[in-house]
Each structure stands twice: as C-alpha cells, then as structure tokens.
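Following: one structure in structure tokens, then a few remarks.
Just so it is clear, the values below take in all heavy atoms, side chains as well, and ignore hydrogens, waters and symmetry mates. What you are looking at is a predicted structure, and each value in this text was computed from that prediction instead of being measured.
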Amino acid sequence: MPLPNSTEQPVLPLSEFQQRRQRLLDRMKKRSVALIAGAPAVVRNRDVEFPYRQDSDFAYLTGFAEPESLAVFIPGRKEGEFVLFCREFDAKTAVWVGRSAGLEGARAVFGADEAYPITELDAVLPGLLENHETVYYPIGRQSEFDAQVMRAINNIRSRARSGVGVPERFVSLDKLLHEQRLFKSEHEIALMRRAAEVSAEAHKRAMRVCRPGMYEYEIEAEILHEFTRHGMRSPAYPCIVAGGNNACTLHYTANDAVLRDGDLLLIDAGAEHDHYAADITRTFPVNGHFSEAQRALYQLVLEAQLAAIAEVRPGRRWNDPHDAAVRVLTKGLVDLGLLEGKPARLIKSEAYKKFYMHRTGHWLGMDVHDVGDYKAGGHWRRLEPGMVLTVEPGLYVPEDCKEADPRFRGIGIRIEDDVLVTEAGCEILTSGVPKTVAEIEALMRS
C-alpha cells in the first residue's frame with residue numbers, strides 16, 4: 001500500500017523541525033512533558049468550514065497541517081521523545097476531502113517517533129503523563145483538549161495508591177517556545193523574504209491600477225490576485241484598503257468605499273508563505289499626484305521611518321526605533337502647526353498621540369504580531385541578529401479634527417517595512433516597494 005500523503009506537506013526540510021524540537025527538549029525541565037494541540041477546524045456557517053490554518057506553535061515544531069492533532073514531547077523517553085496523535089488515514093474520507101498523513105505519514109513524513117489515533121487519546125495519554133512532575137500545557141485555550149487532559153490526570157490519580165506519580169505542576173510553554181521562535185533561522189528568513197517579495201509586487205500592482213472612481217475592494221482584489229498567483233492563497237491578515245478619511249481608522253477593513261480624486265489611499269497588506277507573514281503598508285495618491293499638504297505630511301512620516309530604521313541594529317534596544325520616530329514626528333508636527341510648544345515637553349506629555357497613537361513596530365514571523373518578549377528584566381530588550389520586526393510610523397488627522405488646519409484634515413498616512421536584524425545592521429526585506437514621493441508618482445504614471 002502506498003504511503004498516504006498529507007494534503008499539505010511542509011516546505012521546510014524535516015531536519016529544521018527536528019532541530020527545533022531538540023532545542024525545546026533541551027530547555028524543558030527534567031521529568032516534564034509538553035502538550036501542544038493543533039488548531040481545531042472552525043465552522044463558518046452551517047456545514048461549511050473556514051479554510052484551515054494550523055496553530056503557529058504546533059506548526060513550528062511539527063510542520064503538520066491537519067486538525068484533530070496533539071503533539072507530545074517527553075525529554076529522555078527511551079521509546080521516543082516526539083509522539084503525535086492524529087487522524088488515521090481513511091480511504092473513504094479521502095474521496096471527499098483528500099488524503100491525510102495518517103499514522104504512517106506522521107512517522108515517515110513528519111518524523112514522529114510514535115503515532116497514535118486521536119481517538120485513542122484518552123487511553124494512551126495517561127501513560128505518557130504518569131511519573132512526570134511538570135506538564136507544559138496552556139490550560140484554557142481549547143476546552144475539548146482541556147477536558148481530555150484533566151481526564152488523563154484523574155486517571156493517574158485513581159492509581160496513585162499503586163505508586164504511580166501524579167504531575168504536580170502545570171506550566172505554560174510560551175516562555176520557552178516563544179523565545180525560540182523570536183530568532184529566525186536561515187530557512188525561515190528565506191520564507192519571509194519570499195513572502196515580502198510577493199507582497200511588494202502586490203503593492204506595486206495596486207499603485208499601477210489605482211484610479212479615481214474605483215472601489216477599495218477592487219484594489220483589494222488586485223492584491224489578493226497577486227498573492228494567489230504566486231501560490232500564497234491566504235493573506236497574513238485581513239487587507240486594509242483605506243481611502244481618504246478611512247485611513248484614520250487604524251484597523252479599517254470594510255474596503256467598500258469609492259476612491260475619490262484628490263484623496264490618499266493607505267494599503268496595509270501582506271501575504272503568508274508556508275505560515276510566515278509579510279506586513280507592508282504604503283500610502284499613495286489615488287490620482288497619482290501628491291498635493292502640497294499630502295506631500296508635507298508624507299515626507300514627515302517617511303523621515304520618521306528612516307530615522308527609526310537607522311536604529312535597527314544589534315545592541316540597540318527595542319524602543320529606540322520608536323523613540324527616534326516620535327522625536328521626528330513631534331518636531332515636524334510643531335513645524336506644520338499641528339502642535340504647539342517645545343518638542344521635548346510635547347513628547348513627555350505624549351501630546352503627539354493625538355496624531356500618532358500606535359507603536360512604531362512589532363515582532364514578525366509566523367504570526368503577523370509575532371511572539372517574543374519586548375522587555376527582559378524590566379528593560380526594553382536589546383536587538384539581536386535573527387530578529388525580524390516591522391517599522392511603521394504614521395500620522396492620522398481625521399476629518400472631524402477641528403483644531404487642525406483644514407488642508408490636513410482627512411489624511412491618514414502610514415509607511416511600514418519588514419526589517420531583519422543582521423550582524424552588520426539590518427536588512428529591509430520589503431525594499432521592493434517604492435516609498436519616496438518621486439518613486440511613487442513615477443510608478444503610477446507608468
């Protein structure tokens with residue numbers, strides 16, 4: 001019988017997942033077990049499910065892309081340290097939904113030391129947990145698995161008189177695993193570069209086709225088309241295509257308004273490539289030409305972004321890019337008459353937050369707002385090679401901001417790039433998208 005093939009085998013080599021698992025096992029406590037559940041399938045309506053996307057932690061350690069799955073990691077276990085529970089291969093089911101990995105594929109393709117049917121979890125799990133002191137498991141995330149884990153613990157307790165050891169502690173695995181995910185390998189960086197390249201092409205496509213009178217969703221369709229034609233069928237997050245004053249709503253996703261001549265269009269969109277995200281924002285004129293007021297605000301945001309990117313290098317602290325952007329934006333807002341007072345005092349009082357209310361970036365990886373601590377020991381952590389972050393300052397002057405000069409009202413601008421910290425400084429992964437006024441206007445003329 002041929003080996004059943006999973007509907008989605010990992011792009012990364014098996015050795016990458018084996019190395020990740022070994023690093024985690026090396027950091028786990030003695031006499032501990034880690035349980036990581038796969039993401040459940042989610043019903044969209046009636047009997048239709050949303051497209052499936054695996055839990056990021058689970059995918060990071062296994063590459064396994066099927067629901068109804070649980071990974072168990074047991075350091076030092078002589079029968080094998082990686083046990084995978086999953087659905088058995090069923091030929092009749094495969095006719096309807098495609099072939100699954102099954103138990104044989106779990107071992108041969110995904111490197112599990114042992115594989116069991118997910119239907120046997122209640123029978124097998126107690127034996128894997130007994131005589132261990134610590135269980136790494138995030139209680140409260142999935143109620144179904146919570147119940148099965150508690151049944152396993154109660155099973156062990158019922159046999160305590162016979163000398164079976166009951167786990168004493170439940171601990172979150174996030175601290176260990178998320179610190180590991182923060183530093184990207186060369187394989188991960190290659191995936192993120194590709195996601196960034198395709199996302200850059202999508203943004204350039206949007207600039208080329210944009211015309212007054214189009215709907216925001218027409219531009220979104222162009223972006224999604226570019227993602228899909230390169231095999232990236234899912235965006236990393238819902239696309240933001242915000243014309244005019246809509247850009248002053250930071251997470252605007254209605255994308256149903258008409259694009260007006262004379263307005264700016266803010267697009268925040270990135271593709272996902274084998275679970276790895278890109279995250280790009282560009283702002284450009286609907287008609288291809290910046291007005292004087294638009295150019296003034298845009299140049300200020302661009303200057304702030306360049307100042308922030310200049311702070312991205314090993315040894316600098318996480319907050320340094322944000323502080324640099326805030327200094328440039330606050331001085332510029334004073335120069336443009338949108339704020340009054342000395343920049344230092346305005347920064348201290350956070351007066352700039354009226355027009356710039358979010359942070360300048362976040363970690364990026366398998367999640368668009370990726371995991372990893374921003375502080376260590378109470379201080380902003382230092383940047384190190386292998387970290388990937390976004391740099392995305394902005395300015396937002398809503399239409400109803402009566403104290404602002406009328407020429408600036410209804411303008412929202414954000415410029416965002418994905419930046420890899422390197423040994424020598426940094427690499428802008430998303431440099432393929434124009435962002436100077438001259439570059440944008442030239443591309444839109446073409």
Tell me, with the steps shown, if Arg77 and Glu114 meet salt bridge (charged side-chain N to carboxylate O under 4.0 Å, His left out).
-> CA-CA 11 Å; Arg77 181 173 179 264; Glu114 290 187 324; 2.8 Å; yes

CA sep, side-chain torsions, deciding dist, call: Lys435, Glu439, salt bridge (charged side-chain N to carboxylate O under 4.0 Å, His left out) = CA-CA 6 Å; Lys435 63 180 177 183; Glu439 289 171 341; over 6 Å; no

Would you check, one step at a time, whether the test side-chain contact (heavy atoms from CB on, under 4.5 Å) holds for Leu297 with Phe355?
-> CA-CA 11 Å; Leu297 284 181; Phe355 303 107; over 6 Å; no

Stepwise side-chain contact (heavy atoms from CB on, under 4.5 Å) test for Asp320 and Trp380 = CA-CA 9 Å; Asp320 289 340; Trp380 294 111; over 6 Å; no

Stepwise side-chain contact (heavy atoms from CB on, under 4.5 Å) check, Asn155 with Glu130 = CA-CA 9 Å; Asn155 178 296; Glu130 65 185 31; 5.9 Å; no

With salt bridge (charged side-chain N to carboxylate O under 4.0 Å, His left out) as the test, would you mind laying out the steps for Glu201 and Arg229 before giving the verdict?
-> CA-CA 11 Å; Glu201 289 302 313; Arg229 81 183 192 93; over 6 Å; no

Please assess Asn154 against Arg157 for the test side chain to side chain donor-acceptor pair (under 3.5 Å), listing each intermediate value before the final yes or no.
-> CA-CA 5 Å; Asn154 287 332; Arg157 284 179 179 146; 3.1 Å; yes

Salt bridge (charged side-chain N to carboxylate O under 4.0 Å, His left out) between Asp373 and Arg381: does it pass, once the steps are laid out?
-> CA-CA 8 Å; Asp373 290 336; Arg381 74 181 303 159; 5.3 Å; no

So Asp268 and His251, side chain to side chain donor-acceptor pair (under 3.5 Å) or not? Walk me through it.
-> CA-CA 9 Å; Asp268 189 339; His251 289 163; over 6 Å; no

Would His230 and Arg194 count as a side-chain contact (heavy atoms from CB on, under 4.5 Å) if you check the C-alpha gap in whole Å, the side-chain angles of each, and the deciding distance to 0.1 Å?
-> CA-CA 10 Å; His230 290 286; Arg194 182 59 181 152; 3.4 Å; yes

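A 4.5 Å side-chain heavy-atom check between Asp57 and His178 finds at least one atom pair inside the cut-off. The closest side-chain heavy-atom distance from Phe85 to Leu128 is below 4.5 Å. Under the 4.5 Å side-chain criterion, counting only non-hydrogen atoms from C-beta, Leu395 is in contact with Leu329. Between Val124 and Val83 there is no side-chain heavy-atom pair separated by less than 4.5 Å. Here the side chains of Phe17 and Phe64 are not in contact, with every heavy-atom distance at 4.5 Å or above. Two residues are said to be in side-chain contact when any heavy atoms from C-beta on lie closer than 4.5 Å; Val312 and Leu383 meet this criterion. Under the 4.5 Å side-chain criterion, counting only non-hydrogen atoms from C-beta, Tyr52 is not in contact with Glu66. Between Pro67 and Arg87 the shortest side-chain heavy-atom distance falls below 4.5 Å.
A donor-acceptor contact shorter than 3.5 Å links the side chain of Arg282 to the backbone of Val433. Arg31 places a side-chain N or O within donor-acceptor distance of the main-chain N or O of Asn131, the cut-off being under 3.5 Å. In terms of modelled atom types and a separation under 3.5 Å, the side chain of Glu216 and the main chain of Gly243 share a donor-acceptor contact. Within the 3.5 Å criterion, the main-chain N or O of Leu346 finds a donor-acceptor partner in the side chain of Ser349. In this structure, the side chain of Asn255 engages the main chain of Val241 through a donor-acceptor pair within 3.5 Å. In terms of modelled atom types and a separation under 3.5 Å, the side chain of Asp113 and the main chain of Glu81 share a donor-acceptor contact. Between the side chain of Glu188 and the main chain of Ser185, a donor-acceptor pair closer than 3.5 Å is present. For the pair Lys354 (side chain) and Leu339 (backbone), a donor-acceptor distance under 3.5 Å is absent. Side-chain N or O atoms of Asp418 include none that pairs as donor or acceptor with a backbone N or O of Thr430 at under 3.5 Å. A donor-acceptor pair under 3.5 Å is formed between the side chain of Arg27 and the backbone N or O of Leu176.
Remark: Ile309 CD1 to Ile428 CD1 distance equals 4.0 Å, nearest 0.5 Å. One distance of note links CG of Leu35 with OH of Tyr136; it measures 12.0 Å at 0.5 Å rounding. Considering CZ of Arg317 and CZ of Arg382, their distance stands at 3.5 Å, rounded to 0.5 Å. Atom CD1 of Ile347 sits about 7.0 Å away from atom CZ of Arg327, to the nearest 0.5 Å. Interatomic distance, Lys348 NZ to Thr330 OG1, rounded to the nearest 0.5 Å: 14.5 Å. Note: Phe284 CZ to Ile413 CD1 = 13.0 Å, rounded to the nearest 0.5 Å.
Residue Lys175 places its NZ atom among 12 or fewer non-hydrogen atoms of other residues, nucleotides or ligands, all under 6.0 Å distant. Within 6.0 Å of CZ in Arg233 there are 12 or fewer heavy atoms belonging to other residues, nucleotides or ligands. Counting heavy-atom neighbours within 6.0 Å of Glu423 CD, excluding the residue itself, gives a total of 12 or less. Around OH of Tyr215, the count of heavy atoms belonging to other residues, nucleotides or ligands within 6.0 Å does not exceed 12. Summarising the local packing, NZ of Lys204 is surrounded by more than 12 heavy atoms from other residues, nucleotides or ligands at distances under 6.0 Å.
Aromatic ring centres of Tyr356 and His358: separated by under 6.0 Å.
Between His369 and His362, the ring-plane angle classifies as perpendicular under the 30° and 60° cut-offs.
Looking at every heavy atom in both residues, Pro167 comes nearest to Leu129 through CG-O, 3.6 Å. Between Ile223 and Ile267, the shortest heavy-atom distance links the atoms CD1-CG2, 3.5 Å. Annotation for Ser56 and Arg53: closest pair OG-NH1, 2.8 Å, computed over non-hydrogen atoms. Between Gly412 and Leu266, the shortest heavy-atom distance links the atoms O-CD1, 4.0 Å. Scanning both residues, Gln54 and Ser69, for their nearest heavy atoms gives NE2-OG, 4.0 Å. In this structure, Ala37 and Gln142 approach most closely via the heavy-atom pair CB-NE2, 3.7 Å.
Cation-pi geometry between Arg20 and Tyr60 is met: under 6.0 angstrom from the ring centre, within 45 degrees of the axis.
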